Amino acid sequence: MSELRTILHVDDDEDILEIARMALELVDNFELHQFSSGPDALEGLKTLSPQLLLLDVMMPGMTGLQMSEIVKSDPRHGDIATIFMTAKAEDTASKELLDSGALDVITKPFDPMSLGEQIRTIWATRKAARLQAI
Amino acid sequence: MPKYLNDFPIPNMLADLGFRFLVVLGLSAGVVSLVHSANLGDAWTKTTAMFLLASAAVASVLNIARTRRVAQRIAVNQRSVEVHEKALNQHTIVMATDARGRINSVNQKFTETFGYQADEIIGVATTVLAFDDEAKQTMFQVRKHVLDGNVWSGFHKLRSQSGCFITAQITVFPKIEQTGAVSELVSVITDVSSAMAQSAEKGRNDVVEVLPDGVCIYDPSSFEITYANKVFRRRTGWSADNLDSRSITNLFSESQLSSLYRNLGPLLKGERTQNVFETEDEFGPVEVLTHVVEDMDGKRSLISVMRDITERKQAEDLKLSSVSTVSHELRTPLTSIKGALRLLDSGVMGDMEPNVAKLVNVAHRNSDRLLAIVNDILTLEKLQNGDLSIDTQAVDLRDILSEAAESNAPFAAECNVKFVVLSADEPAFVNADPNRLMQVMSNLMSNAAKLSPEGEAVTLKLCDCEDFWRVSVADNGPGVPEHARDTLFDSFIQVEGLKNKKFASTGLGLTICREIIRQHGGIISFETEVGKGTTFYFELEKSSRDARVMDVPAVA
């Protein structure tokens, strides 16, 4: 299992992009690529090869879930894992996201000081479980 | 027409004397004439003598027949008198008293009604029958009035030997001797208690019948209905004709019944005089307010007023759902605000001036508070919509108490109070969701910690209440003022005087607690005394150990 280094983050809220950037680049040392919409991110994926997609769910135009479905259907990005971020915290909504194959769902507001650690933990435990299952 | 023959003894006596005189006269004259005719041999005189003797014989026969007829009529009338007296005894109480108000004689109906035997009551002052001092005063005035030769009629409040209240319609008249003196006061009394009660009940029922809320009156032990008004009958589909055969228990499912009994328990034990709980019938949600009432004879009844709260609930739901939508939208900006403040506060962006750091801390703390409100609204909305799953399992409440004390200890330390746990010696199992119970405990404990005077203890206690376990959280705080008690569990209620400037509340904590406990089929309530403190408690039905044993896989 490779160590997590590169993350592609998509959120339509510029401020949240900024907070997440500080959290993941300053507090942690991830290689972070950020986009403010699904279509922009898909465009970026043509040249980028992140290990993880960190996707906001409720975005105008294309939701995080729709974007993850498109990425999964592309054989070039088949092994990219996904973690969703959402302000909606209903159990039913989280279940739908997890059923789509995501590693986990992080609820907003998140703590920027522990966001990197939280993502690493999810990556290590869920990714290992996935590999074992295969 | 005379009613009774012996009402007129003089004509009767004259008739008898007349007949006797005729017989004696006829016999004497006949015998004298006969002797005389024998001496004279006069046929005419003999004939006259024979006629007189025959007349005397006829008069004698007629008198015997008449006497027999009179005797028969007297016997018949005697029986009539007995029947009338019996009828009078069935209906009316008769009592004679002397001029000083002491009882001289009573009839059979008196002993039946008042419970005193004749030998117990004769010679006793009539005031022993007065229900209260007012009735005694009336008795004195009536006696004076009647001793003056008047007749008095009216109503009196009397009391039986066993203390039962009797409403009596009374006529008192004087028995006047030939000298003109009043020798006795004769009272003719009719017990009109049941008629008055029926009339009062009818009057009351006429009003209650048209109330917009459902009202029913029922027996506290059998729960059988004695009265139900129009709205109540409509909601239950019951007809006014067959209410006698109905019980309040017919209206509830088994699970609702256990809740009903628990709610009515404190009323029946006399611990409370009224109780309010919410439930649901086929028409929707209702609030039931129940009172215990006691009549003059000490007979207790329960009166439940059932109010349809559909509209109120809808308004609450509407308020919550719109608030909930807004809450979702609030979480996004809150993420940025909280995130930015947290990064500043943590120092990763460099050191701040002390005043700047203080302001950042204020902003950070208040963003936490705002998030707590948003989260509580969402939790409550989910609970009320049934979206929040309750995963029940066998839970030992002793564990909940000790874990709650441990996990909330840091908050207690902030408030400078401590949690004291009084647990049970034996396992205290209930079927519950441990996470939700911890949520309830945290809410109750943080309220108690905030309101306790510094340095004091908040007591967490586990009690065995027969079929239930009761968990209580007691503080020595200011207590809940009377006016705030009924609405304490409602949303966004914060009681003036109980607000804590240092530790703010969302105003939803107790509403969430109530919803969680309700979804566990339990009850939550509180006891409070202003100046002394408040004890919040919840009760959950005991579960057997078997429930937990069954969860453990069998060892082969």
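Only a predicted model underlies this, so the values are computations on that prediction, with no experimental measurement involved. A note on names: the letters A, B, ... follow the listed sequences, proteins ahead of strands, and every chain is numbered from 1.
- Residues A/A87 and B/R331 approach most closely at O-NE, 2.7 Å, considering heavy atoms.
- Within 6.0 Å of CG in A/D99 there are more than 12 heavy atoms belonging to other residues, nucleotides or ligands.
- Ranked by heavy-atom pairs under 4.5 Å with chain A, the list B/L334, B/I337, B/L343, B/V374 is led by B/L343.
- No donor-acceptor distance shorter than 3.5 angstrom exists from the side chain of B/R342 to the backbone of A/P112, with no hydrogens or angles considered.
- Looking at A/D15, the atoms closer than 4.5 Å to chain B (heavy atoms on both sides) sit in the backbone and in the side chain alike.
- Taking each heavy atom of B/S336 and A/I19 in turn, the nearest pair found is O-CD1, 3.6 Å.
- We find the CE-OG1 distance between A/M85 and B/T332 to be 11.0 Å, quoted to the nearest 0.5 Å.
- Heavy atoms closer than 4.5 Å to chain B are found in the side chain of A/L26, but not in its backbone.
- With sequence neighbours excluded, the residues satisfying salt bridge (charged side-chain N to carboxylate O under 4.0 Å, His left out) with A/E43 are A/K46.
- How far OG1 of B/T335 is from CD1 of A/I16: 4.5 Å, rounded to the nearest 0.5 Å.
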>> Set out, in order, the CA-CA distance, both residues' side-chain angles and the distance that settles side chain to side chain contact (heavy atoms under 4.5 Å, CB included) for B/V348 and A/M113, then state yes or no.
In response: CA-CA 9 Å; B/V348 289; A/M113 295 305 293; 3.7 Å; yes
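- Counting non-hydrogen atoms of neighbouring residues, nucleotides and ligands closer than 6.0 angstrom, the CD atom of B/E406 reaches no more than 12 such neighbours.
- Within 6.0 Å of the CE atom in A/M58, the count of heavy atoms belonging to other residues, nucleotides or ligands does not exceed 12.
- The environment of A/R120 atom CZ is dense: over 12 non-hydrogen atoms of other residues, nucleotides or ligands sit within 6.0 angstrom.
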